[in-house]
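Below: the structure, in structure tokens.
No hydrogens, no waters, no symmetry mates; every other heavy atom, side chains included, goes into these values.
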Amino acid sequence: MIFFVWSFRARLKQQKCVIWTIPIILMFNAALMGCQDSSPENQEQRGAKPLQKITVAYTYQPQSILVHVAAAKGYFVTEGLDVQPLMRSFGKAALETVVGNQADFATVAETPIMFNVLKGEKIFVLANIEANSMNNAVVARKGAGISAPGDLKGKRIGFTPGTSGDFFLDSLLTANGLTRSEVQPVAMKPDEMQDAMMAKKVDAVSTWNYPLTQISRQLGDDGTIFYDREIYTETFNIAARQEFVQNNPETVERFLRALIKAEDFVAKSPDEAQGIMSVATNIDKDLIRDVWNDFNYHVVLDQTLLLTLEDETRWAIKNKLTDQTDMPDYLSYIHLDSLKAVKPEAVRMSR
Amino acid sequence: MRITTRLRITSTVTVVALVILAPILIWSFVEFKNAKNDYLLADTIKVNFFERASFRDQYFLYREERARLLWEKNKATADQLLHQANSQFHREQDRLNLERLCKSIEDTAVIFRRIVNNTELLKIAAGNRQVYQELDKRLYSQLLMKAGAVRDMATALQDASARRIQLSYEYMTLIVGVFAFTLALTTILTSIQLDRLIRRRLEPLHDGAKIVADGDLDYRIRCKGTDEFAELALSINYMTESLQASSNRLEAEITERRQVDDKLARAHGELEQFTRIAAHHLQEPARRLVSFAQRLHAHLPAEQLSADAIASLHFIEQGAARQSALVRDIQLYLAADQPRSRMETVNVTAVIAGLLEHKAMLGRETAAQVDYNDLPSVYIDQPRLKDIFSILLDNALCYRHPKLTPQIRISGEVKAGRAVYRVADNGVGIPMEYRERVFGVFERLQVNDDQNSTGIGLAIVRRIIESCGGSVTLEETPGGGTTVLFDLPA
């Protein structure tokens with residue numbers, strides 16, 4: 001560069017070699033142009049298009065943190081989306097709003113998705129935003145004579161049908177040589193579990209965080225938790241109606257792009273993300289921090305979702321939880337294109 | 001600006017560019033090497049994973065111990081590879097992927113061992129066998145999921161390394177490109193600039209030098225600036241000034257020398273004129289002395305003259321004759337450097353024949369034998385040519401060997417446009433130490449020799465030959481005698 005300056009000055013002094021200054025000026029201009037930011041958000045801002053309104057049904061659960069962060073940090077707005085939140089206490093309820101056309105996107109575990117697919121609902125899984133093996137557990141009262149999983153035999157166990165808690169309970173029982181017929185399953189909503197445990201209406205409940213830890217904390221020494229990270233991997237996903245996805249591919253990509261930004265933020269600023277979650281869900285930050293490491297917040301689409309959906313389908317068919325008898329082609333319910341468009345390396349599923 | 005300063009700046013810029021680019025290039029190379037090593041390790045981990053997957057599937061197929069042991073062995077290898085990777089991968093994303101990879105591998109190990117335990121339970125299970133079979137499937141399914149995560153993380157590590165390899169390669173290419181471009185641009189621009197500068201600055205120098213070389217010593221080259229060309233122009237101008245001063249001095253000296261030469265030539269001419277006149281006037285008294293001595297000798301009766309008077313008259317006559325011969329030879333010597341008649345190609349053989357005819361009496365007296373056939377012609381005036389051969393023949397006959405019949409052999413040939421002659425006799429010969437001296441005026445071998453010699457003959461010969469651009473030397477004739485060797489224009 002020094003040479004260019006020197007050369008340039010020498011030429012100017014001579015005032016004879018103007019032609020030599022042209023390529024240098026062009027190179028300089030090219031460098032300046034190369035330095036300019038041409039990111040989509042800038043283009044959007046320059047375009048000053050009106051924000052597109054979408055409704056997103058998501059939960060207070062820790063698995064939905066990417067949506068909370070994207071909303072709080074304004075990533076949706078940056079992507080030109082005006083997100084109308086539709087808060088639900090658990091994923092199954094959130095998915096019902098999508099299926100009922102009340103919301104465009106929902107955050108939901110794979111179990112409700114599986115049941116809805118078996119029911120024939122035309123939905124797409126757009127991305128897996130979280131995966132874990134430690135979110136689901138059975139919390140039990142020692143006072144009910146339960147100190148080991150095997151002690152669950154004959155006990156009243158609360159669960160929410162059609163949710164990941166339902167499948168986890170079955171898996172835990174299986175892992176401990178029990179069948180569902182050997183316990184007393186009690187169907188209930190997630191919100192009812194804590195009271196049911198305190199009122200001793202049930203001896204144990206199969207649930208997820210944050211209720212899981214809240215119940216355990218409330219039980220104190222009387223409580224015990226049975227995890228089994230080797231028998232179940234829960235996935236939390238973004239689901240939408242197929243019709244919406246097909247009609248709004250750009251909106252889907254923007255939505256996913258905002259979540260990817262949130263993923264990056266969560267990885268880099270976990271403490272701030274925990275604070276956002278605490279404010280958004282009104283849950284104590286200590287509780288959020290306690291369970292933080294049990295979750296993997298990554299926007300991906302991999303084999304885990306597919307295998308889990310098929311596992312759960314086999315379980316549902318076997319236990320006659322559905323009228324279906326054949327395994328659906330879940331690949332036709334997983335939409336790869338949108339995520340591939342915004343983050344190709346995150347798609348690790350072959351079709 | 002001086003050219004050396006310009007070149008120094010260019011060199012400095014190039015060196016600075018080298019100094020800046022070299023560490024970047026080295027860094028890029030190290031990055032490339034590290035990325036390659038990371039890629040190879042990730043690849044090994046991946047291969048290890050597929051081997052383990054193979055052992056896993058073998059175990060699930062037959063539930064045999066061999067497959068389980070191989071799986072465990074493979075897992076131990078995986079642990080070693082992960083340990084190596086832990087010390088090798090340092091990038092944040094790689095570390096995260098590695099952490100997930102380790103966790104996933106551990107998860108697979110735990111699930112696999114649990115499957116092995118469940119297999120043992122299945123062997124002894126009775127009523128609840130179906131539960132264990134269901135558990136087996138679920139665990140296997142989980143194992144596949146974790147295995148998928150292992151594969152994905154290993155692939156991610158490998159892909160990241162591959163991207164870094166590509167990036168490092170691109171960096172290296174870019175740096176080498178920038179490096180080469182900088183050098184090339186520096187060289188080209190410097191060359192162009194120097195070329196233009198040299199052309200612009202050298203042209204006045206070239207033209208000025210040419211003008212000065214053509215003789216215009218008043219011309220001065222215009223010199224602007226402070227560079228080497230300005231210095232060179234100043235030097236040329238200074239040199240021209242010195243040359244001009246020197247030329248002026250030389251011209252003055254030449255003029256002065258020419259005037260001196262003219263004076264000298266005039267003096268020489270006057271002296272020569274005086275000598276000729278003197279010789280001419282001296283010749284006349286000598287002739288009269290001889291004439292009157294002879295008259296006196298003839299008119300006086302022999303009986304009236306005493307022997308002493310006769311001898312005196314003889315001495316007078318002899319002395320006058322010698323004086324006459326000396327004056328004649330001096331006249332010949334003085335006239336030897338100028339043609340005495342028209343310059344022409346002369347037949348030497350004919351000239352010698354004429355001379356021998358003229359000297360026939362002397363030849364008969366001495367019985368001399370002269371051999372002179374087919375001699376080359378020569379471009380000269382005839383009188384002087386005759387003088388040369390006449391003097392040489394006289395010398396050969398005068399200084400003949402007393403006991404030998406004189407034999408004179410005259411030969412000649414043309415060499416490089418010159419007629420070279422050899423006049424060889426078998427006379428008394430000339431000792432080596434006198435061979436140069438005898439060419440001097442009045443130089444004789446013997447002062448009181450009885451030969452009728454003036455001692456000027458060979459001096460006349462040399463003067464004639466040298467005035468014709470030739471040279472003359474003496475050699476000893478093989479067998480004794482003297483050989484005169486000389487050349488004249490052919």
Side-chain angles (χ1 to χ4, degrees), chain A residues 1-8 10-11 13-14 16-17 19-20 23-24 27 131 133 167-168 170-182 228-233 235 267-268 296 298 300 302-312 314-315 318-319 344-350, chain B residues 1 6 9-10 12-14 16-17 20 92-93 96 100 103 107-115 118 121 125 127-149 151-153 155-156 159-160 163 182-183 185-186 188-190 192-193 196-197 200:
Chain A
M1 202 62 198
I2 296 166
F3 174 77
F4 284 119
V5 173
W6 170 76
S7 175
F8 189 68
R11 298 294 170 201
K13 268 187 179 179
Q14 290 177 8
K16 288 181 181 176
C17 297
I19 195 165
W20 285 102
I24 297 169
M27 286 165 68
S133 299
F167 182 68
F168 177 78
D170 200 77
S171 298
L172 184 75
L173 293 174
T174 304
N176 290 280
L178 299 172
T179 62
R180 192 173 282 235
S181 61
E182 292 178 284
D228 195 334
R229 60 193 303 269
E230 286 92 40
I231 56 163
Y232 173 57
T233 301
T235 63
K268 288 177 180 169
N296 299 299
H298 299 296
V300 294
D302 61 13
Q303 294 294 114
T304 304
L305 173 65
L306 185 65
L307 291 174
T308 309
L309 282 170
E310 289 177 347
D311 268 356
E312 291 181 3
R314 279 187 285 272
W315 161 74
K318 185 180 176 184
N319 291 285
E345 70 274 16
V347 180
R348 300 174 201 139
M349 185 183 287
S350 41
Chain B
M1 188 187 289
R6 288 172 193 268
I9 288 170
T10 307
T12 307
V13 169
T14 309
V16 167
I20 291 169
E92 190 182 348
Q93 188 57 46
L96 279 172
R100 288 179 206 156
K103 187 172 179 298
D107 286 347
T108 58
V110 171
I111 296 170
F112 182 80
R113 285 164 191 152
R114 197 161 164 181
I115 289 169
N118 195 53
L121 287 173
N128 53 356
R129 185 177 178 79
Q130 285 184 340
V131 177
Y132 291 116
Q133 283 174 338
E134 178 64 23
L135 178 62
D136 193 66
K137 287 177 185 171
R138 299 231 179 143
L139 287 171
Y140 187 40
S141 185
Q142 288 297 310
L143 184 57
L144 289 178
M145 283 181 212
K146 302 297 179 188
R151 183 201 60 214
D152 289 345
M153 288 305 109
T155 303
D159 289 349
R163 281 195 298 276
T182 305
L183 281 180
L185 199 65
T186 305
I188 291 167
L189 290 180
T190 306
I192 290 170
Q193 194 186 31
R196 289 173 53 82
L197 181 73
R200 188 166 50 81

Looking at D228(A) and R138(B), does any basic side-chain N land under 4.0 Å from a carboxylate oxygen?
->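 No.
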Are R151(B) and D302(A) within salt-bridge range, i.e. N to O under 4.0 Å?
->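 No, this pair does not count.
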Are side-chain heavy atoms of [X] and [Y] found at a separation under 4.5 Å?
X: T155(B); Y: E345(A); value: no
X: Q142(B); Y: E230(A); value: no
X: H298(A); Y: R100(B); value: yes

Pick whichever of [options] has the most heavy-atom pairs under 4.5 Å with chain B.
options: Q303(A), R348(A), K318(A); value: R348(A)
options: T179(A), T304(A), L173(A), N176(A); value: T304(A)
options: S133(A), A175(A), A131(A); value: A175(A)

Atom group of K137(B) that falls short of 4.5 Å from chain A, counting heavy atoms | neither
With sequence neighbours left out, the residues meeting salt bridge (charged side-chain N to carboxylate O under 4.0 Å, His left out) with D311(A) are R314(A)
With rounding to the nearest 0.5 Å, note down the distance linking OG1 in T308(A) to CG in L144(B).
-> 10.5 Å
Point-to-point distance, once rounded to the nearest 0.5 Å, from NZ of K146(B) to CG of L307(A) | 11.5 Å
Answer with side chain, backbone, both or neither: which region of L178(A) has an atom nearer than 4.5 Å to a non-hydrogen atom of chain B?
-> backbone
How far apart are the closest heavy atoms of T174(A) and L135(B), and which atoms are they?
-> CG2-N, 3.5 Å
